[in-house]
Amino acid sequence: MKTLRLTNTLTRTKEVFKPVNPGHVGMYVCGPTVYGDAHLGHARPGVTYDVLSKLLRHLGYKVRYVRNITDVGHLEHDADAGEDKIAKKARLEQLEPMEVVQTYTLRYHEAMRKLNVAPPSIEPRASGHIVEQIEAVKRILDAGYAYESNGSIYFDVRKYNGDHKYGVLSGRNLDDTLEGTRELDGQSDKRAPFDFAIWKKAEPEHIMRWPSPWGEGFPGWHLECSVMGEKYLGQEFDIHGGGMDLMFPHHECEIAQNVACRGTQGVHYWVHNNMITINGQKMGKSLGNFITLPQLFAGEHEKLAQAYSPMTIRFFILQAHYRGTLDFSNDALQAAEKGLKRLMQAAKDLYAMVGRKAPRYVYGEEAFGVAPDSCSAVNAEVKALWENVYDALCDDMNTPIALAGISEAVRIINSAKAGSIRLAKEDLDTLCQLFDDIVFGVLGLKDEEGTDGTSGKVIAGLMDMVLEQRAAAKAAKDWTTSDHIRDSLKALGIQVKDGKNGAEWTIE
RNA sequence: GGUGCGUUGGCCGAGUGGCUAGGCGCAGGUCUGCAAAACCUGUCACAGUGGUUCGAUUCCGCUACGCACCUCCA
């Protein structure tokens with residue numbers, strides 16, 4: 001089995017990945033709060049951890065991937081004084097909170113499906129784990145790291161910091177945190193401004209509420225991830241992922257809760273993806289500079305020069321390393337679109353050369369195989385690029401380097417197709433394996449051209465007919481007719497490409 | 001104010017103490033009835049400054065600029 005290295009935010013170093021249980025990986029990733037459409041920023045963790053889970057599976061691990069849905073407890077503006085995001089949306093749209101949750105959960109799933117992000121193994125909801133969260137609050141109270149105040153329970157950060165250290169993940173000390181914390185109204189229940197709610201008393205107008213030993217209320221946001229992580233992955237598990245903006249306070253609070261509850265923070269590798277920026281600034285809801293995924297796919301936003309397909313977005317994300325920021329621009333997306341098209345064309349040509357079709361992975365099924373130790377290539381260039389791709393992916397999931405290697409493969413495939421080089425069967429096999437396992441498998445790219453299914457077959461048949469007519473016209477040197485056919489197809493968005501062995505076509 | 005990160009060619013974006021990804025764009029060439037596609041070639045990049053070194057874009061210091069977190073945020 002190949003060795004994977006991952007950057008652990010906790011140690012700020014690249015570490016060799018070693019699972020708690022050999023052959024098995026437990027991975028928890030913070031999912032969305034479902035009170036609105038997912039935007040481009042949400043696509044990044046979706047794609048990043050999808051690739052990580054697929055890579056782990058390809059390396060031979062059995063993976064349990066848990067990604068939650070936050071449907072309660074996430075407050076606006078200030079974690080202790082704001083209104084619940086879901087409840088607010090429900091109030092504004094005069095819906096049951098769970099109607100809001102259902103709507104946006106389904107829309108999130110749809111966006112992820114389009115991005116070819118496989119569903120996680122378990123997708124727990126915060127509202128489905130109120131009992132466990134109440135139990136966790138009790139445990140933290142029993143351990144002496146929380147106090148009750150006016151019906152709410154707060155985590156005693158100062159007390160915790162005395163026995164352990166608060167801020168190990170984000171690398172800050174409590175005094176600095178204190179300095180930067182603004183005093184806000186409505187915080188009088190707390191002993192210290194950096195204390196955070198683990199159970200919140202529900203005001204009379206609050207509609208999402210559950211009975212508890214401390215009266216009717218709802219759980220604090222940070223608690224759900226601690227509780228559901230432990231429930232489904234155990235007290236010690238391997239990977240916890242999420243956006244860098246969740247590092248503090250969310251993940252820091254998780255760590256404190258875990259230690260208070262079970263004596264160990266339990267997560268072995270904290271993995272954080274960086275942000276997508278727009279004009280160099282973070283894309284975020286509070287800044288109002290976000291573009292939702294449905295808007296991107298439809299091209300309906302003033303900042304969009306055109307629509308971008310889900311695979312273009314996926315390819316765009318994979319072209320940058322997950323720990324760096326990635327800047328949105330129409331130029332960058334258009335470059336990604338073209339790069340992807342070139343890659344997919346090469347894939348088709350490659351499979352045509354070996355006489356089979358591109359693999360078709362069904363959404364959510366990992367049909368691709370376990371990574372072999374070596375390849376069968378006899379061509380030194382092919383062998384080297386195959387190894388480079390694996391080395392890159394295993395080196396902190398370096399997808400841009402992997403894609404650079406795959407671009408080399410594209411060049412080689414095109415050269416072979418053009419007849420300027422000859423590839424042995426072993427080389428073709430290696431290239432196929434690379435496309436099967438990495439391009440379509442781990443990276444989860446796919447051809448979006450709609451020639452699948454019945455209508456696709458009809459289109460393919462019609463195209464054969466039309467191109468036959470054009471070939472006949474060309475043979476008769478009837479350039480008027482042949483160019484008319486080509487131009488008409490062009491107007492429909494179908495590009496005709498004349499090659500040595502006849503014409504090919506692609507939908508633009 | 002505190003903490004951390006970044007500044008790479010026309011654009012996006014990797015990476016490295018010397019052999020200097022990749023994509024897109026642009027220019028020239030090959031092929032082609034023409035075009036497109038493809039292929040080949042080119043496009044002399046590493047914010048500034050001082051230092052370490054035989055040698056730095058890569059290591060260290062300083063400066064400038066930008067960003068993120070410290071409030072909800074993927």
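Only this structure's heavy atoms are used, side chains among them; waters, hydrogens and symmetry mates stay out. To find a chain, count down the sequence lines: A is the first, B the second, and so on, and within it residues start at 1.
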OP1 or OP2 of B:G23 less than 4.0 angstrom from a side-chain nitrogen or oxygen of A:Lys341, does that happen here?
no
Under 3.5 Å, N/O pairs linking protein and nucleotides 10-13 of chain B:
{"unit_1": "B:G13", "atom_1": "OP1", "unit_2": "A:Asp327", "atom_2": "N", "d": "2.9"}
{"unit_1": "B:G13", "atom_1": "O2'", "unit_2": "A:Gln319", "atom_2": "O", "d": "3.3"}

Can you tabulate the close N/O pairs, meaning under 3.5 Å, that link protein atoms to atoms of nucleotides 25-30 of chain B?
{"unit_1": "B:G25", "atom_1": "OP1", "unit_2": "A:Lys338", "atom_2": "NZ", "d": "3.3"}

Residues in side-chain hydrogen bond (donor to acceptor under 3.5 Å, both in side chains) contact with A:Glu110, at least two apart in sequence or another chain
A:Arg113
Considering residues at least two apart in sequence or located in another chain, which fulfil the side-chain hydrogen bond (donor to acceptor under 3.5 Å, both in side chains) criterion with A:Asp71?
A:Ser127
Nucleotide N/O of nucleotides 40-48 of chain B paired with protein N/O under 3.5 Å:
{"unit_1": "B:C40", "atom_1": "OP1", "unit_2": "A:Arg411", "atom_2": "NE", "d": "3.2"}

Under the side-chain hydrogen bond (donor to acceptor under 3.5 Å, both in side chains) test, residues paired with A:Lys201 that sit two or more places apart:
none
Which of A:Asp396, A:Asp391, A:Asp395 passes salt bridge (Lys or Arg N to Asp or Glu O under 4.0 Å) with A:Arg5? Answer is A:Asp395
What pairs with A:His206 under ring-ring contact (aromatic ring centres under 6.0 Å, His included), at least two apart in sequence or on another chain?
A:Phe218
Distances for protein N/O vs nucleotides 6-8 of chain B N/O pairs under 3.5 angstrom?
none

Please collect all ring-ring contact (aromatic ring centres under 6.0 Å, His included) contacts where either partner lies in residues 322-343 of chain A, sequence neighbours excluded, each pair once.
none
hbond_proxy A:Arg486 side chain to B:C34 base (donor-acceptor, 3.5 Å cutoff):
yes
Among pairs that include at least one residue of residues 388-424 of chain A, which meet ring-ring contact (aromatic ring centres under 6.0 Å, His included), considering only residues two or more places apart or in two chains?
A:His58-A:Tyr390, A:Trp386-A:Tyr390
When you measure from the side chain of A:Lys474 to the backbone N and O of A:Lys477, does any donor-acceptor pair fall under 3.5 Å?
no
Just call it for A:Val496: base, sugar-phosphate, or nothing, with non-hydrogen atoms closer than 4.0 Å on any strand.
base
Touch class at under 4.0 angstrom, heavy-atom based, for A:Met275 against every strand present
base
Which residues satisfy the ring-ring contact (aromatic ring centres under 6.0 Å, His included) test with A:Tyr65, sequence neighbours excluded?
none
Taking atom types as they are modelled, is there a donor-acceptor pair under 3.5 Å from the base of B:G33 to the side chain of A:Asp483?
yes
Please report the C-alpha distance between A:Gln319 and A:Thr399 in whole Å, then the side-chain angles of each, then the deciding distance to 0.1 Å, and finally whether the side chain to side chain donor-acceptor pair (under 3.5 Å) criterion is met.
CA-CA 6 Å; A:Gln319 272 189 311; A:Thr399 53; over 6 Å; no
Given a 3.5 Å cut-off on both pairing distances, which stems involving RNA chain B, each at least three consecutive Watson-Crick or G-U pairs, are present, if any?
B:1-7 with B:64-70, B:10-12 with B:22-24, B:25-30 with B:38-43, B:47-51 with B:59-63
Do side-chain atoms of A:His42 reach the backbone of A:His39 as a donor and acceptor pair under 3.5 angstrom?
yes
When rounded to the nearest Å, what value does the distance between P atoms of B:G22 and B:G15 take?
14 Å
